There are 2 protein chains.
Amino acid sequence: MIAIGEAARQSGVGIETIRYYEREGIVPRPARAANNRRLYSAQDVGRLRFLKRCRDLGFSLGDAKALLDLSEGGAADCAEVSALAQRHMDSVRRKIAELQRLEAALGELTANCAEGSVDCPMLGRLRMA
Amino acid sequence: MIAIGEAARQSGVGIETIRYYEREGIVPRPARAANNRRLYSAQDVGRLRFLKRCRDLGFSLGDAKALLDLSEGGAADCAEVSALAQRHMDSVRRKIAELQRLEAALGELTANCAEGSVDCPMLGRLRMA
DNA sequence: ATAAAACCTGTAGCCACTACAGGATCAAGC
DNA sequence: GCTTGATCCTGTAGTGGCTACAGGTTTTAT
C-alpha cells in the first residue's frame, strides 16, 4: 500500500486529480492509514492508469468511467465497448473535419494579409456586412 | 435602434451571450430605453457579428476582443493581426495533428474488437501494466 | 530540534457560455 | 380595459475536468 504521491507517480494522474476522481465517485474511496492518509493498492493504481489512458485517448471522464466499469464487471462486453469507442472515433473525425475547415478559412482570410497594408484585408472581411 | 432579441437575430449571437459580453467588457454598454431595455445601433450589431465570426473561426474570446479593438482603432495594424492569426493557425494545426494521432490510436485499439470475444481486447490493452 | 516535504480538507478559479428563478413590461386581440 | 403571451430585466448557479490555493497536520531527513 502506497501513499497518494507515489500513486500519482506510478499512474501518471496528478494528486489533485486523484482526489477529484474520488470526490466524483470515478474511483472507489481508498483505504486510510491510522493518520487519515490515503493508501493505494496495486489495483487502485491500475484503475488510475486505466483512466489516464482513456483520457489520453480523448474519452470524456464519463466514458472513461463507463469503460472502467465494463473492465471491472466480469463479462467484458466487447460490443458495448466498441460501440462506445466507435462513437468517440466519430466525434474525433468530426472534430478533425471541423478544424480542417477552420484551417482553410483562416488560410483564405490571411492570404492577402502579409504586407503592411494600411487597411488590413482580414479585418475588412471580418467586418463585412 | 433595436432591442436585444432583434440584435441577437441580426448578429447570430445569443441573447444571454450578448449580455455576457457586456458584463465582461467585450462590447461597450449599449444605450437604454426609458423602460431600461437595451437598445442596439447598427454599429453595435456589427461588433457582435464581428465577434461571432472570430469565435466561429475558433479564436478565443480574448483574441476576438483584441481583433475587434484592432479593427476599431483607426490604424488597422496588419502585422499584429496576422501574427495573432498565425498563432491561432498553428494551434489549429497542432490540434489536428493531435486528433489524427488519437484517431490512429483508437483504430489500432479497436482493430480486434469487432466480434463477441469474451475478453475484450481493447479493455485488455487499456489494462496493460 | 528544526526544516522541508508530503499529506489533509475545503473552496475558488479557469473558459465561454447556458440555464434558470423571479419579476417587470409590452403588444395584440377581444 | 383585460387577458395572454412574448419579450425584457437582474442575479445566480451550473457545465467539464481539472488546477490552484489557504491554512492546517504529520512525516521524514538532517
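What you see is a predicted model; the values in this text were computed from it and never measured. Here is how names work: the chains are called A, B, and so on, in the same order as the sequence lines, proteins then strands, and each is numbered from 1.
For R38(A), a side-chain nitrogen or oxygen approaches OP1 or OP2 of dT9(C) to under 4.0 Å. In this structure, R32(A) reaches the dT9(C) phosphate: one of its side-chain N or O atoms is under 4.0 Å from OP1 or OP2. OP1 or OP2 of dC8(C) has at least one side-chain nitrogen or oxygen of R19(A) nearer than 4.0 Å. When the side-chain nitrogen and oxygen atoms of N35(A) are compared with OP1 and OP2 of dC7(C), none of them lie within a distance under 4.0 Å. Between S60(B) and dC15(C) there is no side-chain N or O to OP1 or OP2 distance below 4.0 Å. Close to dA16(C), at under 4.0 Å from its OP1 or OP2, lies no side-chain N or O of Y21(B).
Each of R23(B) and G5(A) lies near DNA chain C, and the nucleotide nearest G5(A) is the one positioned closer to the 5' end. Of the two residues near DNA chain C, E6(A) and G62(B), the one whose nearest nucleotide lies more 5' is E6(A). Nearest-nucleotide assignment on DNA chain D puts the 5′-proximal partner with T17(A), out of R37(A) and T17(A).
At a threshold of 4.0 angstrom between heavy atoms, the contacts of F59(B) with the nucleic acid are absent. At the heavy-atom level, R55(A) lies under 4.0 Å from the strands shown only through sugar-phosphate atoms.
Closest approach to the N36(A) side chain among dC9(D), dC8(C), dC21(D) is made by dC8(C) (side chain taken as heavy atoms from C-beta onward).
Of all heavy-atom pairs spanning I18(A) and A7(A), the tightest one is CD1-C, 4.3 Å. Scanning both residues, L57(B) and H88(B), for their nearest heavy atoms gives O-NE2, 2.8 Å. Between R53(A) and R127(B), the shortest heavy-atom contact is NH1-C, 3.8 Å.
For the pair L39(B) CG and dT7(D) C1', the computed distance is 13 Å after rounding to whole Å. Atom CG of L48(A) is separated from atom P of dC18(D) by 12 Å (rounded to the nearest Å). Here the C1' atom of nucleotide dA6(D) and the CD1 atom of I4(B) are 15 Å apart, to the nearest Å. As a whole-Å value, the separation of D63(A) CG from dG17(D) P is 9 Å. Spacing between atom CD of E22(A) and atom P of dC7(C) amounts to 14 Å, rounded to whole angstrom units. One interatomic measurement links the two molecules: CD1 of I2(B) to C1' of dT7(D), which rounds to 14 Å at whole-angstrom precision. Separating the CD1 atom of I15(B) from the C1' atom of dG11(D) is a distance of 17 Å, rounded to the nearest angstrom. Straight-line distance from the CD1 atom of I18(B) to the C1' atom of dC8(D): 13 Å, rounded to whole Å.
Once rounded to the nearest 0.5 Å, the distance linking CE of M122(A) with CG of L67(B) reads 5.0 Å.
A salt bridge between K95(B) and E98(B) is absent, with no side-chain N of the basic residue lying under 4.0 Å from a carboxylate O of the acidic one.
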